[in-house]
Undergrad: 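Before I ask anything, here is the structure I am working with.
The first residue in the sequence is number 1, and the count goes up from there. This structure is a prediction, so every number in the text was calculated from the model and none was measured. Atom set for the values below is all heavy atoms of this structure, side chains included, hydrogens, waters and symmetry mates excluded.
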Amino acid sequence: SPVSPSTENTTGTINIYPNPVQQDLNILGLNGYELKGKSILVFSVTGKKVFSASLVSNQNKINLSSLPSGVYFLTIEGDTTKKAHKIIKL
């Protein structure tokens, strides 16, 4: 079934929402972008890794409720691709 992308924070073919986030952050691969098998890393503004996980499908949900409020950078790492996304934790 086709997924209609949100206009909230679609960078390329990855949709990350809600942003700002309080608890659960959704990460969707759209338009054929394959997230399965890639890794997700979240870094603080100082460059410290505060979260990491392997993505198991094209529709992922990660819980960031334990992180302090602030600005973070979410990176999705694949074999050849690496994209960083700024997220705000409330």
Undergrad: Please check this pair: side chain of Asn60 against backbone of Gly29, looking for a donor-acceptor N/O pair closer than 3.5 Å.
TA: no
Undergrad: Ignoring hydrogens, what is the shortest heavy-atom contact between Lys38 and Ile76? Give both atom names and the distance.
TA: CD-CG2, 3.9 Å
Undergrad: Consider side-chain contact (heavy atoms from CB on, under 4.5 Å). Of Leu28, Ile27, Asn26, which one does Lys61 pass it with?
TA: Asn26
Undergrad: CG/Asn15 to CG/Asn58 distance, rounded to the nearest 0.5 angstrom?
TA: 12.0 Å
Undergrad: Side chain to side chain contact (heavy atoms under 4.5 Å, CB included) with Ser65: which residues, sequence neighbours excluded?
TA: Gln23, Asn63
Undergrad: List for me each residue that meets side chain to side chain donor-acceptor pair (under 3.5 Å) alongside Ser54, sequence neighbours excluded, and say none if there are none.
TA: none
Undergrad: Show the nearest heavy-atom pair for residues Lys89 and Leu64, with the distance to one decimal.
TA: CE-O, 2.8 Å
Undergrad: Calculate, to the nearest 0.5 Å, the distance between atoms CD1 and CD1 belonging to Ile16 and Ile40 respectively.
TA: 6.5 Å
Undergrad: Of all heavy-atom pairs between Asn19 and Ile88, which one has the smallest distance, and what is that distance?
TA: OD1-N, 2.9 Å
Undergrad: Nearest 0.5 Å, what's the OH-CG distance between Tyr17 and Asp24?
TA: 10.5 Å
Undergrad: Report all side-chain donor-acceptor pairs from residues 41-52 shorter than 3.5 Å, counting only partners two or more places apart or in another chain.
TA:
unit_1, atom_1, unit_2, atom_2, d
Ser44, OG, Thr46, N, 3.4
Ser44, OG, Thr46, OG1, 2.8
Ser44, OG, Lys48, N, 3.3

Undergrad: Counting only heavy atoms not in Glu34 (residues, nucleotides, ligands), do more than 12 fall under 6.0 Å from its CD?
TA: yes
